[in-house]
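Worksheet: the structure to be examined is printed underneath.
Since the structure is predicted, the reported quantities are computational estimates derived from the model, not experimental observations. The first residue of the sequence shown is numbered 1, and numbering continues consecutively from there.
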Amino acid sequence: MSQTQAAVHEMIQSVGGYWSPHAGVVRLLEEVGEFSQELTAASVSHSSNVGAELADLWIISTCTANQFVVPVSDPPQDTSHSVEIAKEWEKQVPHLLDELLDLLHWAGQIGRAVNYYDGPKTPRSLDDWVPLRTSVPQMHKALYRLSVNCGISLADELDSKLDHVVVRDKGRFVRGYDPSTAHALQDFAKLQANSPCLFSGAARLWGAPDWDVHRSLADNAAELAPHLTRFAKAAPHEHLDGFVISVPGVAGRATGAATMSDLARWFRQLLHVLTELDELPNDSLNEDVRRPGWQFLFHRQRMFVSVFSPLYEASHSRNSSDHTFVMFQPEQSFTHHGVGSGQKSSSRLKERIRENFAQTGVSYSAEVVDRRIEADLYLPERFTGDTEAHWWSVDDRDVC
């Protein structure tokens, strides 16, 4: 995160956390209207809150970027070239109108993206899709140009506004769940930081709602499924790398009270329940899951699934200390990082990853990886011949 982006995040956490993306877009529309009103008033009276409204627009759009783990830059500090422009306010009105129209265009693109990711509207085509990682920075550029033409230091206005909001609104809103700040990500952070994988530390992740061990697997899956759907919609366009489910112990049981067979059965049922909850037809588990090239699907997105568990030894790449983690990684994530068929750097990157694992003493089964039977990698064997990990062949007894 940039400095200003991080400051926005800290401010939002202090006042109660993020609103839903849809609610954020409604707030963005409200602030665009207020900014237009202030701009009109300023052209007449030369005294207005234009700077404060520019800061509001930057902050609200940055909140949306943060929720989808989209990086944005700090506003430039130098506004010296705007001094003369500020002296001739009336002459700037036509030019300001052009800038306002540009601002409206990019605000509309933000709304369009959020309405797909977080709402009911499916675009007729995604061929010319404008992701948030494009529209938010472009809107910020429009805001900066407006600030320059108004003789305003946007950076100073942001600092002032953030300080003011922290004091005015601290604890004002009830904290709710958001995938970008989920407890699951806090649980997963240590494992992520210590992973020998080249891309783990900078991975852009969402987390599922808290898993309630007192509720059934089906109930927990039903609560997280809508958020996994949002993730599946957004991930290919916003370059999200994974959706993490965190479950205490071994699939909700105390570590010493569960076996690998229990975990395999739990995992198999989780995948089956998710296919049933998928909004789109999903028969990916009705296929031969052990054929080369097979992959789990959710919302028609191919997902590589990784299970981490305390049942694995400390030297195993899927070891975790006290939680079971299930991470859904969209296929496009590998492409974004240059890994996969057709990627020029793929072979070299894979070799570097294997070297990193070897240097840290963490096991990495290159032979299993190279077979390209993905089901074997979802819940890998602890040792050669570990049939308890074969989740595709365990019996279908119900899991609590």
(request) Dump the intermediate steps for side-chain contact (heavy atoms from CB on, under 4.5 Å) on S306 and R318, then the final yes or no. (result) CA-CA 8 Å; S306 302; R318 296 296 183 81; 3.6 Å; yes
(message) Test of understanding: with side chain to side chain donor-acceptor pair (under 3.5 Å), list the residues that count as partners of T259, not counting sequence neighbours.
(response) D262
(request) Any pair with a residue in residues 227-239 that passes side-chain hydrogen bond (donor to acceptor under 3.5 Å, both in side chains), sequence neighbours left out, goes on the list, sorted by first then second residue, please. (result) Y117-E238, D118-R230, R133-H239, H227-R230, H239-H336
(request) For residues D74 and S2, report the shortest heavy-atom separation together with the two atoms involved. (result) OD1-OG, 3.3 Å
(message) Could you check whether any side-chain N or O of N220 sits under 3.5 Å from a backbone N or O of D212, counting only pairs where one atom can act as donor and the other as acceptor?
(response) yes
(request) Run the ring-centre check on Y144 versus W58 and record whether the distance is less than 6.0 Å. (result) no
(message) I'd like to know whether NE2 of H22 has more than 12 heavy-atom contacts from other residues, nucleotides or ligands below 6.0 angstrom.
(response) yes
(message) Looking only at the side chains, is there a donor atom on one of Q329 and D241 sitting less than 3.5 Å from an acceptor on the other?
(response) no
(request) Check Y18 against N66 and note the closest heavy-atom contact, atom names and distance. (result) OH-ND2, 2.9 Å
(message) If I take atom NE2 from residue H272 and atom OG from residue S284, how far apart are they, to the nearest 0.5 angstrom?
(response) 9.0 Å
(message) What verdict does the side chain to side chain donor-acceptor pair (under 3.5 Å) test give for H140 and S61, after you've listed the backbone C-alpha separation in whole Å, the side-chain angles of each residue and the deciding distance to 0.1 Å?
(response) CA-CA 8 Å; H140 284 186; S61 55; 2.9 Å; yes
(request) Kindly indicate, with the supporting measurements, whether the criterion side-chain contact (heavy atoms from CB on, under 4.5 Å) is fulfilled by L224 and L277. (result) CA-CA 10 Å; L224 70 87; L277 292 168; over 6 Å; no
(request) Enter the distance from M260:CE to W391:CH2 here, rounded to the nearest 0.5 Å. (result) 14.0 Å
(request) Please check if the side chain of S125 supplies one atom and the backbone of D127 the other of a donor-acceptor pair under 3.5 Å. (result) yes
(request) Mark yes or no for whether W211, through its side chain, and A251, through its backbone, hold a donor-acceptor pair below 3.5 Å. (result) no
(message) Using a 3.5 Å distance criterion without hydrogens, assess whether the side chain of Q5 forms a donor-acceptor pair with backbone atoms of V72.
(response) yes
(request) Check A221 against V273 and note the closest heavy-atom contact, atom names and distance. (result) CB-CG1, 3.7 Å
(request) Check whether any side-chain heavy atom of V69 sits under 4.5 Å from a side-chain heavy atom of L205, and report yes or no. (result) no
(request) Output yes when E374 and R290 qualify as a salt bridge under the 4.0 Å nitrogen-oxygen rule, no when they do not. (result) no
(message) Applying side-chain hydrogen bond (donor to acceptor under 3.5 Å, both in side chains) as the test, list every pair that has at least one member in residues 194-208; sequence neighbours left out.
(response) none
(message) I'd like to know if the side chain of W392 reaches the main chain of L285, judged simply by a donor and an acceptor atom lying under 3.5 Å from each other, with no hydrogens or angles considered.
(response) no
(message) For the residue pair E381 / Y312, report whether a side-chain donor-acceptor contact shorter than 3.5 Å exists.
(response) no
(request) Could you pull out the closest heavy-atom pair between Y177 and G207, with the gap in Å? (result) OH-O, 2.6 Å
(request) Of all the heavy-atom pairs spanning P71 and P137, show the shortest one and how long it is. (result) O-CG, 4.5 Å
(message) Filter on salt bridge (charged side-chain N to carboxylate O under 4.0 Å, His left out), then keep only pairs touching residues 269-286, sequence neighbours left out; what's left?
(response) none
(request) Output the distance between atom CD (E388) and atom CG (L379), rounded to the nearest 0.5 Å. (result) 10.5 Å
(request) Measure the OG1-CZ distance between T64 and R27 for me, rounded to the nearest 0.5 Å. (result) 11.5 Å
(message) Applying side-chain contact (heavy atoms from CB on, under 4.5 Å) to R112 and W129, what does each step give before you reach the verdict?
(response) CA-CA 10 Å; R112 183 169 183 257; W129 188 250; 3.4 Å; yes
(message) Please tell me whether Q301 and Q332 have a donor and an acceptor in their side chains that are separated by less than 3.5 angstrom.
(response) yes
(request) Using modelled atom types only, decide if a donor and an acceptor are shared between the side chain of N282 and the backbone of L297 within a distance under 3.5 Å. (result) yes
(message) Is a donor from one side chain sitting under 3.5 angstrom from an acceptor on the other, for D210 and H183?
(response) yes
(request) Determine which pairs satisfy salt bridge (charged side-chain N to carboxylate O under 4.0 Å, His left out) with at least one residue from residues 295-313, sequence neighbours left out, and list them in order. (result) R302-E331
(request) Using a 4.5 Å cut-off on heavy atoms from C-beta on, say whether the side chain of N319 contacts that of P310. (result) no
(request) Could you tell me which non-hydrogen atom of F298 sits nearest to which non-hydrogen atom of L274, and how far apart they are? (result) CE1-O, 3.2 Å
(message) By the salt bridge (charged side-chain N to carboxylate O under 4.0 Å, His left out) test, which pairs, at least two apart or in different chains, include something from residues 135-163?
(response) D56-K161, E99-R145, D102-R145
(request) List the steps and the verdict of side chain to side chain donor-acceptor pair (under 3.5 Å) for D187 and S246. (result) CA-CA 7 Å; D187 298 337; S246 174; 2.9 Å; yes
(request) Kindly compute the distance separating SG (C63) from CD1 (I12), expressed to the nearest 0.5 Å. (result) 3.5 Å
(request) Begin from the C-alpha positions of L143 and L103 and carry the test side-chain contact (heavy atoms from CB on, under 4.5 Å) through to its verdict. (result) CA-CA 7 Å; L143 290 171; L103 172 69; 3.6 Å; yes
(request) Would you confirm whether S36, through its side chain, and V32, through its main-chain N or O, come within 3.5 Å as a donor-acceptor pair? (result) yes
(request) Measure the CZ-CZ distance between F304 and F296 for me, rounded to the nearest 0.5 Å. (result) 13.5 Å
(request) Verify the ring-centre separation between H323 and F188: is it less than 6.0 angstrom? (result) no
